[in-house]
Colleague: 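Structure provided below as structure tokens; questions to follow.
Every value quoted in this text rests on a predicted model; they were computed, and no experiment measured them. Protein chains get the first letters and strands the later ones, always in sequence-line order, with residue 1 at the start of each. Both backbone and side-chain heavy atoms feed into the values below; hydrogens, waters and symmetry mates do not.
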Amino acid sequence: MFALVDCNNFYASCERVFNPALRDKPVLVLSNNDGCVIARSNEVKALGIKMGQPAFEIKDIIERNHVHVFSSNFALYGDMSGRVTNILAEECPAIEVYSIDESFIDLSGFDYYDPLVFARNLRTKVFRYTGIPVSIGIGPTKTLAKVATWHGKKIAANNGVYIINNKEKIEESLKRLPVGEVWGIGRQYSRFLNENGVATAWDFARMPAIWVRKHMTVMGLRTQKELLGEPCGDLENVIPAKKAILTSRSFGEMLPDLGNVSQAVTRFASSCAYKLRKQKSVASVLMVFITTNPHRKDLPQYARNRVIQMPVPTNSSIEINHYAQLALAGIFREGYRYKKAGVLVSDITPQDNVQQALFDEVPREKHKDLMMVMDRINEKYGRDTMRIGSQGFSKRWKLRQEKLSPCYTTRWDEFITIKL
DNA sequence: TCTGGGGTCCTAGGACCC
DNA sequence: TCTGGGGTCCTAGGACCC
């Protein structure tokens, strides 16, 4: 059996922990740049505010209902997430940290425990130690554990905990679940299935496997099997190294000049290099993209990217930034107001088996030492304390964060973690 | 005025190999 | 009338997740 522990309305709950007066109040968290809604307390959901809705569209509802609005504070959420998973790790032999607010637990070996009692106790402990309310679902497959969590959360009588442990419960719980709520069935498939008369998860589970395979690839087939109790995925308790790393941001304001965009790209390139070093990897391909604001139909639009194959795989901020600037220079055009840029590194391999180049002139050992010192300084004194000169000190490309809460639990406004 | 930031996997089709 | 059979690798695009 698997259990899934899912933090309720996670970011909103984090803000509440340090501001208990908000306990029964509507609380909402905005994306970077205070752009759109990414977390809602139950009270906000009841107001009809949707996930992903742009903030300016709901200004009136916010004011009329005294909704408490926060800019996203990932330093806080990352740290709180770590506290929750630490407790799970204490109580459970094997956990998989699936996302910032969800973890799977392997319950094999729990034959002499009542899993329901175990889950209830775990839920109580997490809340008492961290202040974060969680829902827990238990099932014979990960997909059914997800289904169970939905029932724990949405049906008040279940009090946050639900178990699916026999055929009758599978059928019963799938009949109550809209097919679009199933893990692995998103908007497109949901619409397609509805059009074909499939409304609930149970309808889907009973469709012919051939039909599912034809229209939804092997992924759909796996989901269907899991819904019927046949596991197709195991707990993954080692975090695999990333195959691609992306750092991108929308700017606080639109930028017409190369100078500011270039500073931002330096920052993004350095961030990618840092993330590579943290997972002990190097990358050999780099892509830079820039784009204007697609929502401003009244302004001229431009979006380009450029890919560069680097001669030797690297994780040096200096080297990666060098190529990032080359790529940027190749695609930047005057006459546009840029809203967003990003740097992607890929073709990632472990750092200890790099293929050397015959005519390599980069002093790699020096870079390595320098990066190590830079990382130590920045981890101790805060991000960007030591930076590449071309990053500069412009604040014009920085995020808009007008409603940021204090970083209650961390010294710096960043929380370093690879999986997240 | 104003619209996020990360990731993964699968498939089809084309180029190329013998 | 009729035109082989078997592979690999790469890329773009589309789906999904949080």
Colleague: Look at the aromatic rings of A:Phe268 and A:Phe251 and report parallel, tilted or perpendicular, splitting at 30° and 60°.
Modeller: parallel
Colleague: Counting any heavy atom closer than 4.0 Å, what does A:Glu57 reach on the DNA or RNA strands: base, sugar-phosphate only, or nothing?
Modeller: nothing
Colleague: What integer number of Å spans the P atoms of C:dC18 and B:dT3?
Modeller: 25 Å
Colleague: Using a heavy-atom cut-off of under 4.0 Å over every strand shown, decide if A:Val182 touches base, sugar-phosphate, or nothing.
Modeller: sugar-phosphate
Colleague: Starting at the 5' end of DNA chain B and moving along, which residue's nearest nucleotide shows up first, A:Cys36 or A:Ala244?
Modeller: A:Cys36
Colleague: Any luck finding a side-chain donor-acceptor pair between A:Asn9 and A:Lys45 under 3.5 Å?
Modeller: yes
Colleague: Among A:Arg222, A:Glu226, A:Glu230, A:Gln224, find the one that has a side chain to side chain donor-acceptor pair (under 3.5 Å) with A:Thr143.
Modeller: A:Glu226
Colleague: Checking all strands, does A:Ile245 fall into the base, sugar-phosphate, or nothing category for heavy-atom contacts under 4.0 angstrom?
Modeller: sugar-phosphate
Colleague: Name the nucleic acid region contacted by A:Asp34, choosing base, sugar-phosphate or nothing; use a 4.0 angstrom heavy-atom cut-off, strictly under.
Modeller: nothing
Colleague: If each of A:Ala241 and A:Ser31 is mapped to the nucleotide of DNA chain B with the nearest heavy atom, which maps nearer the 5' terminus, i.e. the 5' end?
Modeller: A:Ser31
Colleague: Hey, what's the ring geometry for A:Phe110 with A:Phe118, parallel, tilted or perpendicular (30° and 60° as the breaks)?
Modeller: perpendicular
Colleague: Would you say the side chains of A:Arg383 and A:Ser271 form a donor-acceptor pair under 3.5 Å?
Modeller: no
Colleague: Applying a 4.0 Å non-hydrogen cut-off, can you work out what A:Thr247 is touching in the nucleic acid: base, sugar-phosphate, or nothing?
Modeller: sugar-phosphate
Colleague: Heavy atoms of chain A, cut-off under 4.0 Å: which first and last nucleotide of DNA chain C, 5' to 3', fall inside that, if you could look?
Modeller: C:dA15 to C:dC18
Colleague: Is there side-chain contact between A:Val84 and A:Cys7, with at least one heavy-atom pair below 4.5 Å?
Modeller: yes
Colleague: What contact category does A:Asn33 fall into here, base, sugar-phosphate, or nothing, at under 4.0 angstrom with non-hydrogen atoms?
Modeller: nothing
Colleague: Stepwise, does the side chain to side chain contact (heavy atoms under 4.5 Å, CB included) test hold for A:Tyr77 with A:Asp101?
Modeller: CA-CA 9 Å; A:Tyr77 312 147; A:Asp101 69 338; over 6 Å; no
Colleague: Measure the acute angle between the ring planes of A:Tyr338 and A:Phe332, then classify it against the limits of 30° and 60° as parallel, tilted or perpendicular.
Modeller: tilted
Colleague: Can you list the stems that include DNA chain B, where a stem is three or more consecutive Watson-Crick or G-U pairs with distances under 3.5 Å?
Modeller: B:5-18 with C:5-18
Colleague: Under a 4.0 Å threshold between the charged nitrogen and the carboxylate oxygen, would A:Lys280 count as salt-bridged to A:Asp352?
Modeller: no
Colleague: With a 4.0 Å cut-off on heavy atoms, is A:Lys59 in touch with a base, just the backbone sugar-phosphate, or nothing at all?
Modeller: base
